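This report refers to the structure that appears directly beneath it.
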Protein chains: 2
Amino acid sequence: MPTGHKRQGSALEANRRDELLRAAARLFVEKGFDATTTRDIAEAVGMRSGSPFYHFRSKQDLLKAAMIEGLEAGHQRLQAAVAGIDDPERRLRVMIRSHLGTLLEGDCHAPMLVYESRSLGITARAEIAAVSDRYQQAWQATLEQLAASGKLRLPAKPMRLLLFGMLNWSRQWYRSNGGLSLDEIAEAAAEMVLA
Amino acid sequence: MPTGHKRQGSALEANRRDELLRAAARLFVEKGFDATTTRDIAEAVGMRSGSPFYHFRSKQDLLKAAMIEGLEAGHQRLQAAVAGIDDPERRLRVMIRSHLGTLLEGDCHAPMLVYESRSLGITARAEIAAVSDRYQQAWQATLEQLAASGKLRLPAKPMRLLLFGMLNWSRQWYRSNGGLSLDEIAEAAAEMVLA
DNA sequence: AATGATTAAGCAAGCAATTGCTTGTTGGAT
DNA sequence: ATCCAACAAGCAATTGCTTGCTTAATCATT
């Protein structure tokens, strides 16, 4: 493959860096940012205690990178899910289901890292807020479309805030093996939003 | 005052202990449990770094006590608010407003400490869960009453979970000086719950 | 192709600061 | 005289992070 874009060294580098990112995200969500030591993260990927600092300048940098990566993965998943769906009601239902998926499925749970924002400096917090805002705007647009045709029980903005509360808070009580399924939660939430 | 139940020494003790509890609760909510040092707490009430340990055996004990105190204060506020209200719809509205009050008004914000449960040992977590359950049951009862007369948009249990999500998550975006007021949030939430 | 220079990636060791908590002591109210 | 409440001082462990070095892979030049 003479036109390969990556030398082997670079590929390995990216892999290890991603491993660190994923392990850190998992541990941060599991135990919280402060309760997770850089030694925990290193051990999780089989490195020595100081080695992660070759890939990331600081522990906070690691958190910031994990948050941005997780937010953008969720954003792309959302965009892919709604692609080609024109009916706004149907689109909202798909968005709700997609959001619950990134929030509760798999082992990453990256969106919940946003809750650890306070561990970051103000400049990093602003970066996160910018990425997060783009995600919110996709929702705002769809909700306003629904509100315009009288299909929402509340104005778009308060509705968005309350809806995100319902969805995000589900991380506090959702258990994958019992109780409501993701589809059921999604349908229940949609039921409350739509008039 | 021969029948006084408290000597002055005890009264002062209780005062200082309560000061510690309130300061700790505020700091824990503000910065998180791990990011708050026992020195922060001591300084907040004008003590030296080791003195809080005269009143509390450990930092975790301080958190546990603050959580229980906050939860029970909220519970009493709720009970007082609904006393004598028989109409279940009216009672739910009052409960929602009361819950938002304990959550967002004043400077204590104790209910949000529940989110710091993971910093506790399992036995302490169980104690907290027990107190928290009593609070939830008051809601469950009222919601079931409403569901029985067909006034709920969803069955009582999922409705309770989603409702608490809407309300508790409001701490993430509510600002006392702009946007929606507590009364407006309460009304919007009630609107979504009731059929 | 062979050789020397450079770099990527990580290890070993440890530093400086912080942390929760303990110990022995002291002033003041009863 | 007694004892509550707090102080002064510091210990032991942990923490994020740094430094100097090693190993292997890559690159440039002959």
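Only this structure's heavy atoms are used, side chains among them; waters, hydrogens and symmetry mates stay out. Protein chains get the first letters and strands the later ones, always in sequence-line order, with residue 1 at the start of each. All figures in this text were calculated on a predicted structure; none of them were measured in a lab.
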Item to check | side-chain hydrogen bond (donor to acceptor under 3.5 Å, both in side chains) partners of A:R77, counting only residues at least two apart | outcome: A:E105
Next on the checklist: With a 4.0 Å limit, can you tell me whether B:H55 has a side-chain N or O closer than that to the phosphate oxygens OP1/OP2 of D:dC4?
Outcome noted: no
Checklist entry - Is B:Y54 near enough to D:dA6 that one of its side-chain N or O atoms lies under 4.0 angstrom from OP1 or OP2? => result no
Next on the checklist: Once ring-ring contact (aromatic ring centres under 6.0 Å, His included) is applied, what residue pairs with a partner in residues 149-168 of chain B remain, sequence neighbours excluded?
Outcome noted: B:H99-B:F164, B:W139-B:F164
Checklist entry - Do A:L163 and A:I96 have side-chain heavy atoms sitting under 4.5 Å apart? => result yes
Checklist entry - How is the hydrophobic cluster of A:L113 composed, in terms of its other members, when Ile, Leu, Val, Met, Phe, Trp and Tyr link through side-chain heavy atoms under 4.5 Å apart, directly or indirectly? => result A:L20, A:L21, A:L27, A:F28, A:V29, A:F33, A:I41, A:V45, A:M47, A:F56, A:L62, A:L63, A:M67, A:I68, A:L71, A:V114, A:L120, A:I128, A:V131
Checklist outcome for this item: Residues pairing under ring-ring contact (aromatic ring centres under 6.0 Å, His included) where one sits in residues 175-195 of chain B, two or more places apart or in two chains, turn out to be none
Checklist entry - Does any non-hydrogen side-chain atom of B:T102 lie less than 4.5 Å from one of B:L78? => result no
Give me, pair by pair, the N or O atoms of the protein and of nucleotides 11-17 of chain C that are less than 3.5 Å apart, along with how far apart they are.
from   : atom 1 : to    : atom 2 : distance (Å)
C:dC11 : OP2    : A:R48 : N      : 2.9
C:dC11 : OP2    : A:S51 : OG     : 2.5
C:dA12 : OP2    : A:R48 : NE     : 2.9

Item to check | Between D:dC17 (C1') and A:I41 (CD1): distance, integer Å | outcome: 13 Å
Checklist entry - Separation of A:L20 atom CG from C:dA9 atom C1', in whole Å? => result 12 Å
Checklist entry - Could you give all pairs that pass the salt bridge (charged side-chain N to carboxylate O under 4.0 Å, His left out) test and reach residues 131-154 of chain B, with sequence neighbours left out? => result B:E72-B:R134
Item to check | For atom CZ of A:F53 and atom P of D:dT15, their distance in whole Å | outcome: 12 Å
Checklist outcome for this item: To the nearest angstrom, the CZ-P distance between B:F56 and D:dA6 comes to 11 Å
Checklist entry - Starting at NZ of B:K59 and ending at P of C:dT19, how long is that distance when rounded to a whole Å? => result 9 Å
Checklist entry - Expressed in angstrom and rounded to an integer, what is the separation of B:E43 atom CD from D:dA8 atom P? => result 14 Å
Checklist outcome for this item: Per-helix bend value, the helix from C:dA1-D:dT30 to C:dT30-D:dA1, C1' rotation axes over five pairs per end, 10° rounding, shows 10°
Next on the checklist: Taking side-chain hydrogen bond (donor to acceptor under 3.5 Å, both in side chains) as the cut-off, I'd like each qualifying pair that reaches into residues 87-96 of chain A, sequence neighbours left out, listed once.
Outcome noted: A:R91-A:T142, A:R91-A:Q145
N/O donor-acceptor pairs under 3.5 Å from side chains in residues 154-161 of chain A, not counting sequence neighbours:
from   : atom 1 : to     : atom 2 : distance (Å)
A:R160 : NE     : A:Q140 : OE1    : 2.6
A:R160 : NH1    : A:Q136 : OE1    : 2.8

Checklist entry - Is there a residue in residues 25-34 of chain A whose heavy atoms reach under 4.0 Å of DNA chain C, and which residues are they? => result none
Item to check | Pairs satisfying side-chain hydrogen bond (donor to acceptor under 3.5 Å, both in side chains), at least one member in residues 25-36 of chain B, at least two apart | outcome: B:K31-B:D40
Checklist entry - Residues in side-chain hydrogen bond (donor to acceptor under 3.5 Å, both in side chains) with B:K59, at least two apart? => result none
